Amino acid sequence: MSTTAAPLPATEPLTVMGAGLVGSLLSLYLARRGHPVQVFERRADPRRAGFQEGRSINLALSDRGWRALGGVGVANDIRQVGIPMTGRVMHDVQGNLTHQPYGHEGQAIYSVNRGHLNRRLLDLAEAQTGVQLHFGQQCLGIDLKKQQLNLLDTATQQARTVPYTRLFGTDGAFSAVRGALQKTDRYDYSQDYLEYGYKELTIAAGPDGSWLLEKNALHIWPRGQYLMIALPNLDGSFNCTLFFPYEGPESFAALQTPAEVTAFFTRVFPDAVPLMPALEEEFFAHPTGSLVTIKCFPWKYDDDVLLLGDASHAIVPFYGQGMNSGFEDCSALNELLEAHGDAAWPTIFAEFQQQRKPNTDAMADLALYNFIEMRDRVADPRFLLQKKIEAKIATQFPGRWTPLYSQVTFSHTPYAEAWAAGQRQDAIMSRLMPHIQAEADFEQPAVQALVQQEMAAQA
């Protein structure tokens, strides 16, 4: 008896607009189901020499992303080039350090280079015989009724029309595919910018590629109204991101000269400045990025077009879940294909947006909530004490109290459920913390009685 797997039946061709992280992973999922897949991307091929990475910001890969990568068998490959970060290290103005673990022993998020991950996924997609990648293809418009893409080849400046049977828009926050849907009747769309921008900077590697800060941590310099973070790279350097107001006395607008930049950083981030030899040069050479939340509905047009990733739910980066939620879109769509079969597109598209929209809306709220926590609350001793008490409650009531961060980052609990549970927990902690002034107070009989009372009320 032959052990060779039967070939998949021929299935309809599919089109993916956007070859970033979500588009390349989605094309892998679709091709492995036997679909011929064409992918069109406005940018040049990031695997070619001389390609300039648009964003160097490192990504925090957590359980939802790992699960999606595991679904196409590439998780182990990516894990080899990720650096586990087991917690936060907060740096105060005097350079004193405070450690806060992310979860329990063995739990970590991974610092992964965006460019490496994108290139690896594209290599894997190209190795699938069902995927054709087309770079330098700018989408000028989409005729939804005729099911046609209007594309411009950026190298030859030749315009052409390409038909599609089914189109998946994974072309980012400023999606051309969503732009076409926005012109349809009764389409809901919102974009909200923070009054903050971000700038990429670098903490240099030490001698022989050594790390000059703790390697297995996400470093945060919380300063009340702004913050800087740093994620480790394999070469010993750290990618830093300054999240900073556009306007005001301490803002991008206020720092106009190299001397002003150095004076500000020396005053506010004194322990980082000696590790940033290219600070002045990078500050003025690197662009200031904007921070936007985008929500829209519907995510589909008939059963012909579907949006995934940032095209349907762009969020600010403060929970490290933008990529993870986009990857979860891919695994969620694949689960619906498994459940209904590859011909049930009307059902699949409808169920996909119904399932994912409330969760990605919740994640957008969580990302803004975590911005306030990272820039301000992580420097507050009362907040850090509260986190220790929450960890004690989680240990005392296993399975009944899981910290919000762990639900979002180390589980597959739907985001909306995690956010609702987190709000209930915040209310409980607001009632408990006035009775707790030190970690040892948790064991006091009166406090334990309150804890038991609160947990009984939640049962």
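Positions are given from 1, in the same order as the sequence printed here. None of these values were measured; they are calculated from a predicted model. What's counted below: heavy atoms across the whole structure, side chains too, no hydrogens, waters or symmetry copies.
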(message) A side-chain contact here means heavy atoms from C-beta on lying under 4.5 Å apart; do Gln423 and Trp419 qualify?
(response) yes
(request) Any chance you could measure Thr288, atom OG1, to Tyr246, atom OH, to the nearest 0.5 Å? (result) 6.5 Å
(message) Restricting to non-hydrogen atoms, name the atom on Trp221 and the atom on Ile203 that form the minimum distance, rounded to 0.1 Å.
(response) CH2-CD1, 3.9 Å
(message) Are the side chains of Val112 and Leu231 in contact, using a 4.5 Å heavy-atom criterion?
(response) no
(message) Main chain of Ala350, side chain of Lys300: is a donor-acceptor contact present, judged purely on distance under 3.5 Å?
(response) no
(request) Mind listing the closest non-hydrogen atom pair of Glu41 and Ala19 along with its distance? (result) OE1-N, 2.6 Å
(message) Under 6.0 Å between ring centres: does that hold for Phe168 and Tyr29?
(response) no
(request) Take the angle between the ring planes of Phe264 and Phe244 and call it parallel below 30°, perpendicular above 60°, tilted in between. (result) tilted
(request) Rounded to the nearest 0.5 Å, what's the gap from OG1 on Thr360 to CG on Leu366? Could you check? (result) 11.5 Å
(message) Are the side chains of Leu194 and Phe243 in contact, using a 4.5 Å heavy-atom criterion?
(response) no
(request) Heavy atoms only: give me the nearest Ser325-Arg356 pair and the separation to one decimal. (result) O-NH2, 3.1 Å
(request) Step through the shown structure and confirm whether more than 12 heavy atoms of other residues, nucleotides or ligands are within 6.0 Å of CD on Gln354. (result) no
(message) Checking Glu200 against Tyr198: is there a side-chain donor and acceptor pair closer than 3.5 Å?
(response) no
(message) Are Leu167 and Leu149 packed together at the side-chain level, in the sense that at least one heavy-atom pair is separated by less than 4.5 angstrom?
(response) yes
(message) Hydrogens and angles aside, do Asn233 and Asn113 bring a side-chain donor and acceptor to less than 3.5 Å of each other?
(response) no
(message) So Phe397 and Gln452, do their side chains get closer than 4.5 Å, heavy atoms only?
(response) yes
(message) Can a side-chain donor-acceptor contact be found between His99 and Glu214 if the only test is distance below 3.5 angstrom?
(response) yes
(request) Mind checking the CE-CZ spacing from Met228 to Phe265? Nearest 0.5 Å is all I need. (result) 6.0 Å
(message) Can a donor-acceptor pair be found, under 3.5 Å and without considering hydrogens, that links the side chain of Asp365 to the backbone of Ala362?
(response) no
(message) Looking at every heavy atom in both Leu450 and His435, which two are closest together, and how far apart are they?
(response) CD1-CD2, 3.4 Å
(message) Can you confirm whether more than 12 heavy atoms, excluding those of Glu195, are under 6.0 Å from its CD atom?
(response) no
(request) Using a strict cut-off of less than 4.0 Å between a Lys/Arg side-chain nitrogen and an Asp/Glu carboxylate oxygen, indicate whether Asp361 and Lys357 qualify as a salt bridge. (result) yes
(request) Answer whether the closest heavy-atom distance between the side chains of Arg178 and Tyr187 falls below 4.5 Å. (result) yes
Show me, pair by pair, the donor-acceptor contacts under 3.5 angstrom made by side chains of residues 399-410, not counting sequence neighbours?
| from | atom 1 | to | atom 2 | distance (Å) |
| --- | --- | --- | --- | --- |
| Arg400 | NH2 | Met455 | O | 2.7 |
| Gln407 | NE2 | Thr402 | O | 2.8 |
| Thr409 | OG1 | Tyr405 | O | 3.0 |

(request) Using distance alone, with no hydrogens and no angle criterion, decide if Gln386 and Arg382 have a side-chain donor and acceptor under 3.5 Å apart. (result) no
(message) To check you understand the geometry: which heavy-atom pair defines the closest contact between Leu234 and Trp211, and what is its length?
(response) O-CZ2, 3.5 Å
(request) Determine, stepwise, if the pair Leu122 / Leu133 fulfils side chain to side chain contact (heavy atoms under 4.5 Å, CB included). (result) CA-CA 8 Å; Leu122 289 171; Leu133 301 172; 4.1 Å; yes
(message) side chain to side chain contact (heavy atoms under 4.5 Å, CB included), that's the test. Do Arg375 and Tyr226 meet it? Break it down for me.
(response) CA-CA 5 Å; Arg375 80 181 189 206; Tyr226 51 87; over 6 Å; no
(request) Check whether any side-chain heavy atom of Thr98 lies under 4.5 Å from a side-chain heavy atom of Asp92, and answer yes or no. (result) no
(message) Do Asn58 and Ser111 pair up side chain to side chain, a donor and an acceptor below 3.5 Å, judged on atom types alone?
(response) yes
(message) Would the distance check show the side chain of Gln128 and the main-chain N or O of Leu28 forming a donor-acceptor pair, the cut-off being under 3.5 Å?
(response) no
(message) For the CG atom of Leu121 and the NE2 atom of His116, what is their distance to the nearest 0.5 Å?
(response) 9.0 Å
(request) Taking the side chain as every heavy atom from C-beta outward, state whether Gln453 and Arg431 have any atom pair closer than 4.5 Å. (result) no
(message) Could you report the tightest heavy-atom contact between Ile142 and Ala180, atom names first, then the distance?
(response) CB-CB, 3.9 Å
(request) Report the residues that fulfil salt bridge (charged side-chain N to carboxylate O under 4.0 Å, His left out) with Glu338, sequence neighbours left out, ordered by chain and then residue number. (result) Arg33
(message) If only side-chain N and O atoms count, and only distance matters, is there a donor-acceptor pair under 3.5 Å linking Glu454 with Gln458?
(response) no
(request) Using a strict cut-off of less than 4.0 Å between a Lys/Arg side-chain nitrogen and an Asp/Glu carboxylate oxygen, indicate whether Asp342 and Arg166 qualify as a salt bridge. (result) no
(message) Please verify the inter-ring angle class for Phe371 with Phe318; under 30° counts as parallel, over 60° as perpendicular, anything in between as tilted.
(response) parallel
